[in-house]
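Just below is one structure, and these are the notes that go with it.
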2 protein chains.
Amino acid sequence: MAPRKKQAPEPTTTSPVSMADLARELGVSMTTISRALSDHHSIGPAMKQRVLKLAKKYNYQPNRLASALRKGKSQLIGIIVPYIEGRFFPSVVHGIETAASKAGYNVIICQSNEDVAQERRNLEILLSAQVAGILVSLSRTTLDFRHFEKVRSRGLPLVFFDRIVEGDKVNAVVLDDQEGGYVSTRHLLSQGCRRIAHLAGPQHLNIYKNRRQGYLDALAEAGIPLDEALIHYSDMNQEQGIAAMRELLSLPEPPDAVFAAGDYSALGAMQEARRQGLTVPDDIAITGFSNEAFTLIAEPAMTSIDQRCEEMGQAAVRLLLEVIDADGAPFTPRQVALRPELLVRNSSLRQPEARLPAGKLVSSFTP
Amino acid sequence: MAPRKKQAPEPTTTSPVSMADLARELGVSMTTISRALSDHHSIGPAMKQRVLKLAKKYNYQPNRLASALRKGKSQLIGIIVPYIEGRFFPSVVHGIETAASKAGYNVIICQSNEDVAQERRNLEILLSAQVAGILVSLSRTTLDFRHFEKVRSRGLPLVFFDRIVEGDKVNAVVLDDQEGGYVSTRHLLSQGCRRIAHLAGPQHLNIYKNRRQGYLDALAEAGIPLDEALIHYSDMNQEQGIAAMRELLSLPEPPDAVFAAGDYSALGAMQEARRQGLTVPDDIAITGFSNEAFTLIAEPAMTSIDQRCEEMGQAAVRLLLEVIDADGAPFTPRQVALRPELLVRNSSLRQPEARLPAGKLVSSFTP
DNA sequence: TTGTACGCGTTATCAT
DNA sequence: ATGATAACGCGTACAA
């Protein structure tokens with residue numbers, strides 16, 4: 001038997017009231033109740049009021065499970081992210097949840113922990129939860145994408161964000177990382193830097209590949225030949241930034257600037273440079289990527305790229321809702337690229353007179 | 001009609017296979033399928049294998065909606081947090097999701113945006129989604145708690161974390177904030193500070209009330225009379241930290257230390273102190289609360305309290321699962337207090353020889 | 001405008 | 001060990 005107890009109600013707990021209960025009380029059919037509640041057109045205004053009033057009185061809550069089962073679609077959106085840490089993903093999730101709930105959807109969230117296997121499991125779970133659509137940012141270890149075929153074959157709306165499957169066959173929202181790499185590097189060039197190093201991330205991830213490409217574009221445009229020795233590949237954490245800077249500074253011709261594809265590695269690099277007695281930005285200018293909270297606190301404040309985290313979440317939801325609302329009708333996949341914003345701070349400003357006084361506000365965020 | 005199409009299958013999309021499909025194919029009843037899949041005892045091992053094999057072949061996914069509807073409980077846990085930003089809540093959510101998925105639950109997340117009305121709406125939504133239990137951290141504007149009575153009356157497991165309803169009638173997991181305030185203040189006293197100011201948050205929130213109480217306890221213990229002029233109340237953001245420090249420094253007898261109940265306000269305070277030419281910690285020692293990422297980057301690195309975010313998420317899930325597994329049996333509410341960890345850094349170390357070199361690692365976190 | 005009846009996919013109960 | 005059947009709560013085609 002189901003756990004609900006009608007004949008033997010317990011004193012402490014109350015069972016939720018169903019449409020059938022309302023129907024019985026009003027002496028009408030469930031259909032009428034259903035219509036009144038869902039604002040159907042063929043329902044008398046008088047009856048509608050009676051139903052709504054009773055529903056309010058009993059604090060009727062529709063059972064979304066039953067509704068979803070009947071309709072074959074829930075009001076849930078599934079998210080798969082590598083993790084919920086740092087600045088980026090929480091902010092995107094924030095944006096997603098805000099936009100989704102505004103549209104009447106709720107959000108069920110899964111972490112892949114950068115593990116394809118878990119990403120696959122999460123996908124299965126979301127499928128079996130009958131979500132209305134799925135938003136995914138790929139795990140670092142996702143190199144083959146067959147598991148997403150199952151989603152496609154179910155006809156389930158799917159939108160990638162940030163870490164995406166490349167190509168025009170999928171819906172995707174990204175920051176224009178190439179543009180980000182490009183403007184960062186252009187900025188360093190404008191400061192008079194000529195030997196610009198690059199701390200690059202794993203190249204199978206679109207974000208790092210594109211940031212590097214933007215860097216290359218800017219160098220090419222400036223007529224500066226590429227020196228592969230100036231590009232250092234790593235997983236982009238702080239330790240690796242330190243190691244990278246150590247290597248770069250031991251080159252016969254050390255760089256006069258570093259464009260790091262991530263703030264943490266930029267921070268490590270900056271710390272190592274200063275530890276070796278160099279002045280940032282005079283001896284070596286540094287820029288990061290992501291606009292982590294600490295970039296404003298760093299000494300000197302670190303130039304970085306804002307990733308429009310919340311906008312990305314909003315845009316992803318908007319796109320997903322479009323696909324959902326198309327309801328199976330042929331939908332041409334779309335790729336959205338958000339414009340990055342270069343935030344110039346002291347770590348890359350060669351002209352002292354242009355620099356800002358230290359101690360600016362981190363943000364207006366109230367924790 | 002439901003959107004599933006069996007008689008007119010579309011070429012591009014495949015409908016999920018149900019237990020009925022498997023039953024038909026094997027020429028057995030759905031009951032048998034159900035038993036095989038749910039590892040029931042009365043099922044022949046041979047039959048069980050046949051079913052499992054077929055299920056694998058067709059990649060059968062149970063419809064969790066249907067299962068939940070039948071059983072009256074889903075495998076979903078609802079979370080309500082004020083927002084998903086900063087360091088604390090994302091980390092707790094991270095801990096919650098990790099622990100929950102390990103136990104076979106998924107997590108649906110809602111933000112109240114510090115708004116009671118939205119908190120109430122979220123609660124209704126989670127109820128109507130038939131979640132198995134709810135985890136809540138109260139909004140800042142939640143002063144009356146009647147909406148949680150509905151949850152209790154439904155017999156739905158409920159656990160508060162961090163921002164809780166006080167008392168022994170509820171399940172709750174918190175950091176021992178009072179202890180945090182106490183050890184912070186004791187530490188400042190041990191550094192020789194005697195006029196210790198306190199940047200306090202809204203006192204209707206247990207966390208801020210308790211941090212303040214710990215501060216008072218430590219002062220009383222040290223025989224230092226309370227000076228209300230040294231306690232500054234605000235919403236604890238950076239601007240307010242700046243304003244607070246400005247006020248404090250204009251006192252006839254300015255403080256020689258500040259215990260801030262939040263890192264952001266501590267940061268503002270520190271910046272303002274330095275702007276006015278004071279040296280931290282020599283002229284004024286400062287400690288914060290939360291161990292935000294930037295505390296290690298700040299100049300000087302900021303002493304703070306680690307809030308055990310992930311442990312809190314884990315503990316909340318553990319407690320919630322206990323209540324869920326009690327399955328309606330009388331469960332005596334429990335309150336869990338996590339031990340805070342004081343992280344002593346240069347912003348409060350009066351003896352120069354004890355200080356650490358600058359440029360320590362932020363964390364081993366790889367973004 | 002309102003009611004009847006069935007089905008969504010799963011599981012619990014009862015019978016065999 | 002297996003099967004038949006009803007029920008969870010809601011939505012809709014169809015009849016009235």
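Here is how names work: the chains are called A, B, and so on, in the same order as the sequence lines, proteins then strands, and each is numbered from 1.
Here the P atom of nucleotide C/dT11 and the CD1 atom of B/Ile33 are 12 Å apart, to the nearest Å. The separation between A/Gln130 atom CD and D/dC10 atom P is 18 Å, rounded to whole Å. Taking atom NZ on B/Lys73 and atom C1' on C/dT11, their separation rounds to 16 Å, with Å as the unit. Summarising the geometry, the separation between CG on B/Leu26 and P on D/dT2 is reported as 12 Å, rounded to the nearest angstrom. The distance from atom NZ of A/Lys71 to atom P of C/dC6 is 23 Å, rounded to the nearest whole Å. Following rounding to the nearest Å, B/Leu65 (CG) and C/dT11 (P) show an atom-to-atom distance of 12 Å. With rounding to whole Å, A/Leu69 atom CG is found 14 Å from D/dT12 atom C1'.
Side-chain nitrogen and oxygen atoms of A/Tyr60 include none within less than 4.0 Å of the OP1 or OP2 phosphate oxygen of D/dG9. For the OP1/OP2 pair of C/dT11 and a distance below 4.0 Å, the side-chain nitrogens and oxygens of B/Ser34 include at least one atom meeting the criterion.
Scanning atom types as modelled, one donor and one acceptor separated by under 3.5 angstrom connect the side chain of B/Arg70 and the base of C/dT11.
Annotation: ring pair (Phe, Tyr, Trp, His ring centres under 6.0 Å) contacts involving residues 117-156 of chain A, sequence neighbours excluded, comprise A/Phe148-A/Phe160. Among residue pairs with one or both ends in residues 309-319 of chain A, those qualifying as salt bridge (Lys or Arg N to Asp or Glu O under 4.0 Å) are A/Arg308-A/Glu311; sequence neighbours excluded. The salt bridge (Lys or Arg N to Asp or Glu O under 4.0 Å) pairs that include a residue from residues 117-127 of chain B are B/Glu124-B/Lys150, where partners are two or more places apart or lie in different chains. The side-chain hydrogen bond (donor to acceptor under 3.5 Å, both in side chains) analysis of residues 37-47 of chain B, with sequence neighbours excluded, yields the pairs B/Asp39-B/Lys48, B/His40-B/Ser42.
The residue A/Ile43 sits close only to the backbone: its heavy atoms come under 4.0 Å of sugar-phosphate atoms, none of a base. Backbone-only engagement by B/Ser67 is indicated by non-hydrogen atom pairs under 4.0 Å involving sugar-phosphate atoms exclusively. B/Met19 comes within 4.0 angstrom of a base, heavy atoms only.
Sorted by residue number, the list of members of residues 48-56 of chain A with any non-hydrogen atom under 4.0 Å from DNA chain D is empty.
Residues B/Ala66 and B/His40 each lie close to DNA chain C; by heavy-atom proximity, the contact nearer the 5' end of the strand is made by B/Ala66.
Remark: A/Met30 engages A/Met19, A/Ala20, A/Ala23 in a side-chain contact (heavy atoms from CB on, under 4.5 Å) (not counting sequence neighbours).
Salt-bridge check for A/Arg154 with A/Glu149: failed, with every basic side-chain N at 4.0 Å or more from each acidic carboxylate O.
The residue from A/Asp162, A/Ile164, A/Val165 that alone fulfils the side chain to side chain contact (heavy atoms under 4.5 Å, CB included) condition with A/Leu138 is A/Val165.
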Acceptor/donor pairs from residues 103-111 of chain A side chains to any protein atom, 3.5 angstrom cut, sequence neighbours excluded:
residue: A/Asn106; atom: OD1; partner: A/Arg64; partner atom: NH1; Å: 3.0
residue: A/Gln111; atom: OE1; partner: A/Ile84; partner atom: N; Å: 3.0
residue: A/Gln111; atom: OE1; partner: B/His94; partner atom: ND1; Å: 2.6
residue: A/Gln111; atom: NE2; partner: B/His94; partner atom: O; Å: 3.3
residue: A/Gln111; atom: NE2; partner: B/Glu97; partner atom: OE1; Å: 3.0
residue: A/Gln111; atom: NE2; partner: B/Thr98; partner atom: OG1; Å: 3.4

Can you give me every donor-acceptor pair (side chain of residues 321-330 of chain A, partner residue at least two apart or in another chain, under 3.5 Å) with its distance?
residue: A/Glu322; atom: OE1; partner: A/Arg334; partner atom: NH1; Å: 3.4
residue: A/Glu322; atom: OE2; partner: A/Arg334; partner atom: NH2; Å: 2.8

Where do N or O atoms of nucleotides 3-5 of chain C meet protein N or O atoms at under 3.5 Å, pair by pair?
residue: C/dG3; atom: OP2; partner: A/Ser29; partner atom: N; Å: 3.1
residue: C/dG3; atom: OP2; partner: A/Ser29; partner atom: OG; Å: 3.4
residue: C/dG3; atom: OP2; partner: A/Thr32; partner atom: OG1; Å: 2.4
residue: C/dG3; atom: O6; partner: A/Arg35; partner atom: NH2; Å: 2.9
residue: C/dT4; atom: O4; partner: A/Thr31; partner atom: OG1; Å: 2.7

